[in-house]
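Heads up: the structure comes next, in structure tokens.
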Amino acid sequence: MIDLTFLRENPDIVRAAITNKNRDGIDLDRIIELADGRKKLSGDISEINRKRNAAQEARDFEAGKTLKDELKEAEERYQAAEKELVSLLIKIPNIPSADTPVGPDESGNKVIRQWGDKPTFSFTPKAHWDLGRELGIIDSEKAAEVSGARFTYLKGDLALLQNALVQLVINTLTSENEMAKIVQAFGLTVSPKPFTLVNPPIMMRSQVMNRMARLDPIDERYYFEKDDMVFIGSAEHTLGPIHMDEVLAEESLPIRYVAYTPAFRREAGAAGKDTRGILRQHQFDKAEMESFSKPEDGRAEQDLLVAVQEYLMQKIGLPYQVVLICTGDMGFPDQRQIDIETWMPGQDTYRETHSSDYVGGFQARRLNTRLKRASGEIEPVHMNDATAFAMGRTLIGLIENYQNEDGTITIPEALRPYMAGKTKIEKQA
RNA sequence: GGAGGGAUGGCUGAGUGGUCUAAAGCAACGGUCUUGAAAACCGUCGUACCGCAAGGUACCGUGAGUUCGAAUCUCACUCCCUCCGCCA
């Protein structure tokens, strides 16, 4: 939710954000009108209450009766205004940062840097679905019989490879040394404080997901009506509210968490898209970072999260490009979104594998997660979330980039220690 | 799933219809004293909204209700604890 004071003072900026994020049709004038009405009613209620307190002190029962009715009416009007105000306010997306390109859709995204050399092959590289089937490490046919489309069995060495990625993430992000190395290598000035590993719930109240501004579109969520709960679409969804309704001390920040969980997406509206292989699944595993910081550090914190992503990618040697997402393609609560796209030689293209969302105080305002300054001042904390590794998509990158002519897959050196020194994935027995 | 108990300020905890603008203790912060510290003593010690300020209003898990008046009574919900059952 955006800040009402900001809206009052900068209606043009908000209007532009709504348009640039393709969310036209929100009546800002009505919002201001409701906010003004609410303010007046709040004053009225205060005044009635003051009289009521006086009447009580004087034991004036008659006046009390009258005031009771007046109060009830004023409160009803206040609540009606409040309800409509919030319902409109939560439709306003977060304001894009100044460096976010304005664009209608993904065509407006900007590649800001590339890393790594695309591998050259003396043969025609295969797509992961063919290699995976041939090696016996991806079984989508059986998964389709058991669970339906967009599910898969990852087997044997591929499952071990995923485990290795998880180990790499955990060992890197929870290590003070590794974090200091990243801060230094990328020329950052943020704290090298390591991440805390968390195993969060993967189901949550729909109401709390709504406070994260992530419930919509509801069609994208697996919803359990009997319990009014949803499956998470990312660990971000339960990591973000980990401090809701709390006041964090200034000196405790930044607070950084990393979690490895399954993520669930209905992929409604993606029918027919990426139906082959494991790129777009209803269920996939992901290591996710979430961070809470002081407002003035929020932007630098995003730079750190992106640096972590790049550091991990460079460790496993996958060529990638960093993309600054434009207004029309970025997430609703995002102030600044950066994606990493990994080179997929079997498909001869870059595909999105990572995302990094700087949401400022947008989520914290509804989550009621606040920061208390040493001076005593209280304000919403700033939040960042970012992918560490989306397992399925990273495995695609590894399979396709490290494939050999004989159909085997070389295991990158950084992952071998987590696979008992194994150097290759061969046809599984 | 069954039975019972509970939710009060950063923490512990008193308060069962009207000076509750919530006792007390702990913690924290400021001060006095001290070479310094501890102890002792004095003071401060929640959040939100309105207001230039003085000040006002709301908030005792959440929501509704009873009453002139609710932390206190009623109902629903949420969460926590104990026991029983089931169970990785």
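Proteins get letters first, then strands, A, B, ... in listed order; numbering begins at 1 in each. Any value given below was found using the heavy atoms of this structure, including those in side chains, with hydrogens, waters and symmetry copies removed. Note that this is a predicted model, so its numbers are computed, not measured.
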[atom1]-based separation of [M] from [N] [nearest Å]:
N     : M     : atom1 : answer
B:G85 : B:A3  : P     : 16 Å
B:C80 : B:G69 : P     : 35 Å
B:C45 : B:G30 : C1'   : 10 Å
B:G65 : B:A53 : P     : 35 Å
B:C26 : B:U21 : C1'   : 24 Å
B:C41 : B:C33 : C1'   : 9 Å
B:G43 : B:U35 : P     : 25 Å

So which nucleotide does [N] pair with, by the Watson-Crick or G-U wobble rule with both distances under 3.5 Å?
N     : result
B:A70 : none
B:U62 : B:A76
B:G55 : B:C50
B:C83 : B:G2
B:A39 : none
B:A22 : none

In whole angstrom, what separates [X]'s [atom1] from [N]'s [atom2]?
X      : N     : atom1 : atom2 : value
A:K72  : B:C68 : NZ    : P     : 13 Å
A:D228 : B:U62 : CG    : C1'   : 15 Å
A:L71  : B:A70 : CG    : P     : 10 Å
A:R38  : B:A58 : CZ    : P     : 18 Å
A:K39  : B:C50 : NZ    : P     : 5 Å
A:L4   : B:C50 : CG    : C1'   : 15 Å
A:E377 : B:U47 : CD    : P     : 12 Å
A:I378 : B:C45 : CD1   : P     : 15 Å

Please state whether the phosphate of [N], meaning OP1 or OP2, lies under 4.0 angstrom from any side-chain nitrogen or oxygen of [X].
X      : N     : result
A:N53  : B:G69 : no
A:R52  : B:G69 : yes
A:R205 : B:C79 : yes

*Check whether more than 12 heavy atoms from other residues, nucleotides or ligands sit under 6.0 Å from atom CD of A:E225, and answer yes or no.*
no

Any side-chain donor-acceptor pair under 3.5 Å between [X] and [Y]?
X      : Y      : value
A:Y320 : A:Q309 : no
A:E301 : A:S291 : yes
A:Y358 : A:D385 : no
A:N177 : A:S175 : no

*Tell me whether the centres of the aromatic rings in A:F186 and A:Y311 are closer together than 6.0 Å.*
no

*Which comes earlier along RNA chain B counting from the 5' end, the contact point of A:K372 or that of A:E62, where each point is its nearest nucleotide?*
A:K372

*Between A:E76 and A:R50, which has a closest nucleotide on RNA chain B that is more 5'?*
A:R50

